[in-house]
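Everything on this sheet refers to the single structure shown next.
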There are 2 protein chains.
Amino acid sequence: MMYICAMYSKELLKGTLDIIILKLLEENGKMYGYEICQKVKDISDGKILIRDGSLYPILHKLLKDGMVTTEEVNLGKRVRKYYSLTAKGKGEKKMVVAELADFMETLSKIVFSDGKTSAAI
Amino acid sequence: MMYICAMYSKELLKGTLDIIILKLLEENGKMYGYEICQKVKDISDGKILIRDGSLYPILHKLLKDGMVTTEEVNLGKRVRKYYSLTAKGKGEKKMVVAELADFMETLSKIVFSDGKTSAAI
DNA sequence: CAAATATACATCATATTACGATGTATACAA
DNA sequence: TTGTATACATCGTAATATGATGTATATTTG
């Protein structure tokens, strides 16, 4: 079977998937798993793909930690499970997004400087 | 024993340490392990700390992969090992830095948008 | 002078994380 | 009817960073 692969080294994604999920849930109020995957794919122009093998374990952990609540909706004979942030989840989202912003700024200082202090080559 | 802890969740750092090392080596021409740790600490104001338990395995891997060469210098009775980028290493650095820039831009689109398309809260 | 701290390397076991593989099921399009 | 999309779940595996541990020398400070 063919898999469309995410554009980025999957290691870069580490530690950011839960942040992405928390942010999308806050922004959209209520989402189900499959919808989250599609949304991330859309916004990132297919460059970031959350696999279901990554997504559902994270959602289960968020539920266990009290960051989200669930609500099941019947679709004919299938069940769709909607997730939404709790107050705790909203606080957590604010924290991790701020941490990510700070980290990215710091990382940029190291990796994207021109290095003009050294001799030019 | 007391450990000064890095400010960020260590998961965020994943996949970025080798990029940081490649970038610093290119910028400074030639560095030894301990120096790299200190440099990162300095530039990041102590927010990013590369542990020696992380650093040396990465340097050994870069050597194994032909990204760097080493040169040993005697300091009295101790030995200091300098690392510098090979041509292959310089190419790799360019690649991974570009990938990181692209990734950060894409991630920003998802995580740092205001979400004005949804109802304001 | 002794003790602590800094310099400088190395290796291993462990925890975390994302993912591929696998499984179950329904709906719809070719 | 065959494949693809929707929609969930779980397990084993691989990659990575780190704490712990070990070995030494050099310097600073009480």
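Every chain is numbered from 1 and lettered A, B, ... according to where its sequence line falls, protein lines coming before strand lines. Heavy-atom basis, side chains included; hydrogens, waters and symmetry copies ignored.
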Is any side-chain heavy atom of B/Ser54 closer than 4.5 Å to one of B/Leu17? yes
Think B/His60 has a side-chain N or O under 4.0 angstrom from the OP1 or OP2 of C/dC9? no
Nearest-Å distance, NZ (B/Lys77) to P (C/dA8)? 17 Å
Between A/Ser44 and A/Val40, is there a donor-acceptor pair closer than 3.5 Å when you use the side chain of the first and the backbone of the second? yes
Base, sugar-phosphate alone, or nothing: which one does A/Ile50 contact when heavy atoms must sit under 4.0 Å apart? nothing
Considering only heavy side-chain atoms of A/Arg80, the closest of C/dC19, C/dC9, D/dA7 is D/dA7
Going by an N to O cut-off under 4.0 Å, is there a salt bridge joining B/Glu27 and B/Lys23? yes
Taking the side chain of A/Tyr56 as heavy atoms from C-beta outward, which of C/dT17, D/dA7, D/dT16 is closest to it? D/dA7
On DNA chain D, does the nearest nucleotide to A/Ser54 precede the nearest nucleotide to A/Val79 from the 5' side, or the other way round? Give the residue. A/Val79
Are A/Lys47 and B/Asp102 within salt-bridge range, i.e. N to O under 4.0 Å? yes
Kindly point out which of D/dA17, C/dT7, C/dC19 is positioned nearest to the side chain of B/Leu17? D/dA17
Does A/Lys14 contact D/dT16 through a side-chain donor or acceptor facing the base, at a distance under 3.5 Å? no
It should be established whether A/Lys81 places a side-chain nitrogen or oxygen under 4.0 Å from OP1 or OP2 of nucleotide D/dA9. yes
With a 4.0 Å cut-off on heavy atoms, is A/Gly53 in touch with a base, just the backbone sugar-phosphate, or nothing at all? base
Taking A/Glu35 for the side chain and A/Tyr32 for the main chain, is one N or O donor matched with an acceptor at less than 3.5 Å? yes
I'd like to know if B/Arg78 reaches the base of C/dT7 with its side chain such that a donor and an acceptor end up less than 3.5 angstrom apart. yes
Rounded to whole Å, how long is the line connecting atom NZ of A/Lys39 with atom P of D/dA7? 15 Å
Residue that, paired with A/Lys81, satisfies side chain to side chain contact (heavy atoms under 4.5 Å, CB included) out of A/Leu59, A/Val73, A/Thr70, A/Leu63: A/Thr70
Output the residues of residues 64-73 of chain B in contact with DNA chain D, where contact means a heavy atom of the residue under 4.0 Å from an atom of the strand; sort by number or write none. none
Watson-Crick and G-U pairing of DNA chain D, under 3.5 Å, as dot-bracket with | and [ ]: ||||||||||||||||||||||||||||||
Give the intermediate values and the outcome of side chain to side chain contact (heavy atoms under 4.5 Å, CB included) for residues A/Ile21 and A/Leu55. CA-CA 9 Å; A/Ile21 293 170; A/Leu55 178 74; 3.6 Å; yes
Between the side chains of A/Lys109 and B/Asp45, is the shortest nitrogen-to-carboxylate-oxygen separation below 4.0 Å, so that they form an ion pair? yes
A/Lys30 charged N/C atom sitting above A/Tyr82 aromatic ring, 6.0 Å / 45°: yes
Distance below 4.0 Å between B/Tyr32 side-chain N/O and C/dA8 OP1 or OP2: yes
Is B/Glu26 paired with B/Lys93 through a side-chain N to carboxylate O contact shorter than 4.0 Å? yes
Would you kindly give the OH-to-C1' distance between B/Tyr8 and D/dT18, to the nearest whole Å? 19 Å
base_contact_polar (D/dC8 base, A/Asp52 side chain, donor-acceptor, <3.5 Å): yes
Scan A/Gly76 against the nucleic acid and name what it touches under 4.0 Å (heavy atoms): base, sugar-phosphate only, or nothing. nothing
Toward the 5' end of DNA chain C, by each residue's nearest nucleotide, A/Asp18 or B/Gly33: B/Gly33
Measuring from the side chain of A/Leu13 (C-beta onward, heavy atoms only), which nucleotide among C/dA8, C/dA18, C/dT11 has the closest atom? C/dA18
